[in-house]
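Some notes on the structure that comes next.
The basis for the numbers below is simple: all heavy atoms, side chains too, and nothing from hydrogens, waters or symmetry mates.
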2 protein chains.
Amino acid sequence: MNVTIPPHDPDSSGCQRISQVLARVGEKWSILIIITLAAGPRRFSEIKRSINGISQRMLTLCLRGLERDGLVKRTVYAVMPPHVEYELTALGHSLTEPVRALGAWASKHISDIDAARKEFDARVEHQGQTPFTTK
Amino acid sequence: MNVTIPPHDPDSSGCQRISQVLARVGEKWSILIIITLAAGPRRFSEIKRSINGISQRMLTLCLRGLERDGLVKRTVYAVMPPHVEYELTALGHSLTEPVRALGAWASKHISDIDAARKEFDARVEHQGQTPFTTK
DNA sequence: CCGTATCCCCTTGGATACTG
DNA sequence: CAGTATCCAAGGGGATACGG
């Protein structure tokens, strides 16, 4: 059964732009931030606390990037002390669907991947056995 | 202090591993390689030619990574000159589904993102200050 | 043809200290 | 609290040359 083969042109401008989007999505923290905000609006330090290991700098940069792309909305309340809330825009929420699909795939196959890595590493260790799969 | 995040916990081990998978997917060239191979097996130089701008080094590295994760299968034909073919494994093919979902999302919303970027940049420049990174 | 090895730049990203 | 600014280490990634 042949799956529908979509326009395959990694070289075209279309795929290049998609690649840019994926670069943002693939950025180390972006996905985690989006997932966090998917549950509702959060303050800066709430996000920081909920994502283990992220530095202040990277949180700022990632949020700026997401805001720039129209995925996150930043709201400043002019009070003292400052109160800033971040929330997903409609666009940001729409991203959570394919992201969840990817997350579901990852959850489902993470064990396969781990097994493949172990096998690969073991095979490499035995460098005598060339992976020749002569047909 | 800690608001419960019931459905998704970015801090949990599960999401951490998913993040690893996404890191691979988000790597600059991986997606393009997978998309290329989704159309069928390809030789090394065929992949290189079909992806504009990729260096030999990065193609090798990415293919190794994908092979290690069990997403791509490498077959060497012991002939002269060497003939090596790469193809997606079943696991690799299953990845194309969520990836396509993401790609579809990107295609659909790329204009929104571009518009948001323009607006954001204009807003920033209007304030007379470069906040940080204007990539 | 299919890589591996080397050099090197440049970005990413952490740690820290400092403002409003 | 919510950032900015600065320094610095690690590694991603290009260019090139060479081996099988």
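- A straight line from CD of A/E27 to C1' of C/dG13 spans 10 Å, rounded to a whole angstrom.
- Evaluated for a side-chain contact (heavy atoms from CB on, under 4.5 Å) with B/R74, the options B/E85, B/E87, B/R64 yield exactly one hit, B/R64.
- B/Y86 comes within 4.0 angstrom of the backbone, heavy atoms only, and of no base.
- Between B/R43 and C/dC2, a side-chain N or O to OP1/OP2 separation shorter than 4.0 Å is present.
- Of the candidates D/dC1, D/dA17, D/dG3, the closest approach to any side-chain atom of A/P81 belongs to D/dC1.
- C/dC2 atom C1' lies 14 Å from atom CD of B/E67, rounded to whole Å.
- Using a 4.5 Å heavy-atom cutoff, the side chains of B/W29 and B/L59 are not in contact.
- Look at CD on B/E85: it is 15 Å from P on C/dC1, rounded to the nearest Å.
- In this structure, B/Y77 atom OH and C/dG3 atom P are separated by 13 Å, rounded to whole Å.
- Distance, A/M58 CE to D/dT4 P: 14 Å, rounded to whole Å.
- Between C/dC2 and B/R74, no contact under 4.0 Å exists linking OP1 or OP2 to a side-chain N or O.
- A/L88 pairs with exactly one of A/I33, A/L37, A/L71, A/L66 by the side-chain contact (heavy atoms from CB on, under 4.5 Å) rule, that one being A/L37.
- Rounded to an integer number of Å, the gap from A/M80 CE to C/dT19 C1' is 11 Å.
- Taking atom CG of residue A/L59 and atom P of nucleotide C/dA15, one finds them 14 Å apart after rounding to whole Å.
- Spacing between atom CD of A/Q56 and atom P of D/dA5 amounts to 13 Å, rounded to whole angstrom units.
- Between B/H83 and A/S55, the residue anchored nearer the 5' end of DNA chain C, judged by the nucleotide with its closest heavy atom, is B/H83.
- Looking only at distances, no side-chain donor or acceptor of B/T36 sits under 3.5 Å from a matching main-chain atom of B/I47.
- Checking the phosphate oxygens (OP1, OP2) of C/dT16, no side-chain nitrogen or oxygen of A/R57 falls inside 4.0 Å.
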Under 3.5 Å, sequence neighbours excluded: what are the donor-acceptor pairs made by side chains of residues 113-120 of chain B?
residue, atom, partner, partner atom, Å
B/D114, OD2, A/R17, NH2, 2.6
B/R117, NE, A/D69, OD1, 2.6
B/R117, NH2, A/D69, OD1, 3.4
B/R117, NH2, A/D69, OD2, 3.3

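- Counting non-hydrogen atoms under 4.0 angstrom, B/T60 reaches a base of the nucleic acid.
- In the set C/dG20, D/dG3, C/dG3, the nucleotide with an atom closest to the side chain of A/P82 is C/dG20.
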